[in-house]
Amino acid sequence: MRKILCLFTLFLSLISASAQAGPLAFVTITPQKYFVDKVSGGEVPVSVMVEPGANPHAYEPRPRQMAELATASIYFTIGDSFDQTWLERITSASPGMTVVHTAKGIAKIPMGEEHQHDEGHAGDEHEGKARDAHETRNHDHDGQDQGTLDPHIWLDPALVKVQVASIRDGLSAVDPERADLYAANARAFEKELDALDREIRSILQPLPQEKRTFLVFHPSWGYFAKAYGLTQRSIEVDGKEPSPKDLARIIATGKKSGARVVFVQPQFSQKSAAVIAKQIGATIVRLDPLAADWAENLRSAAHAFAGALE
């Protein structure tokens, strides 16, 4: 009997510890885990739906993940094609789970949109702050037909600040006892984001205007390009491999721009990129917008762009 009582006491203590551990969070992609970890200080367990190395445009949740969702308190969406396809089914399976749309407050740009800026843009910190305020005031596109709107809003530190506010408020709503902790961590992370933004600007600032165009297979870096005065040219056309006519056009553009690097990401085919790189005498460089160490990845990306374009 004493043994049974001891086991029962242990069981109750485990339940109590689990309850005190706070909410279990789910996110769509790996970079969001980095953001939630920063805001929670690592106090909230975070599971990622689109597993590392998988293509968000084609990923299907595993049965294990759908089962784990039944225990989740909160889900942070990013608004990409995975969310558009699966979110309704996810919420139906876990009706008690709070859903936070972290894209709220961000006006999305068309996918693959090119942004040309004057030379002074990339080094102007005041413009960056104004851009942050502008993006925050704009309405979001969640709930609308996103079509070709670019979902890669995590690749601009200023837009991440908007997402951090949503994460802070979401965690505070499901775990009000630690709201002060989440608010303090969010403020500290925002300072880190401002510092990273300044660092990236200093890395890219020396690039002359005529050397600010880069070739990439999948147009993931539109917000990054917009923020730092670069121009992104996509090999992929409307989400598909380019036709022979498109290939000829892209090769001509690459030769004209003097591009020496073609950026690819591991989740997509590199076949067309390899053809173009060979034709224009460029090398292929892997750049993963879904890397787990988000800050270091953006820093590395800035150095990669600077090294390729200078």
Hey, is the main chain of [Y] close enough, under 3.5 Å, to the side chain of [X] for a donor-acceptor pair?
X      : Y      : value
Gln232 : Trp221 : yes
Arg212 : Leu204 : yes
Trp294 : Trp154 : yes
Asn297 : Asp288 : yes

Should the pair [X]-[Y] be classified as a salt bridge under the 4.0 Å nitrogen-to-oxygen rule?
X      : Y      : answer
Glu296 : Arg299 : yes
Arg249 : Asp246 : yes
Lys38  : Glu43  : no
Asp197 : Arg201 : yes

Other residues, nucleotides, ligands: >12 heavy atoms within 6.0 Å of Glu88 CD: no

Within the 6.0 Å centroid threshold, strictly below: Phe305 and Tyr228: no

Residue pair Tyr75 / Thr28, side-chain donor-acceptor N/O under 3.5 Å: yes

Steps toward side chain to side chain contact (heavy atoms under 4.5 Å, CB included) verdict (Asp180, Tyr182): CA-CA 5 Å; Asp180 290 344; Tyr182 300 143; over 6 Å; no

Criterion side chain to side chain contact (heavy atoms under 4.5 Å, CB included) on Arg62 and Glu51, from CA distance to verdict: CA-CA 10 Å; Arg62 301 179 185 277; Glu51 297 180 341; 3.0 Å; yes

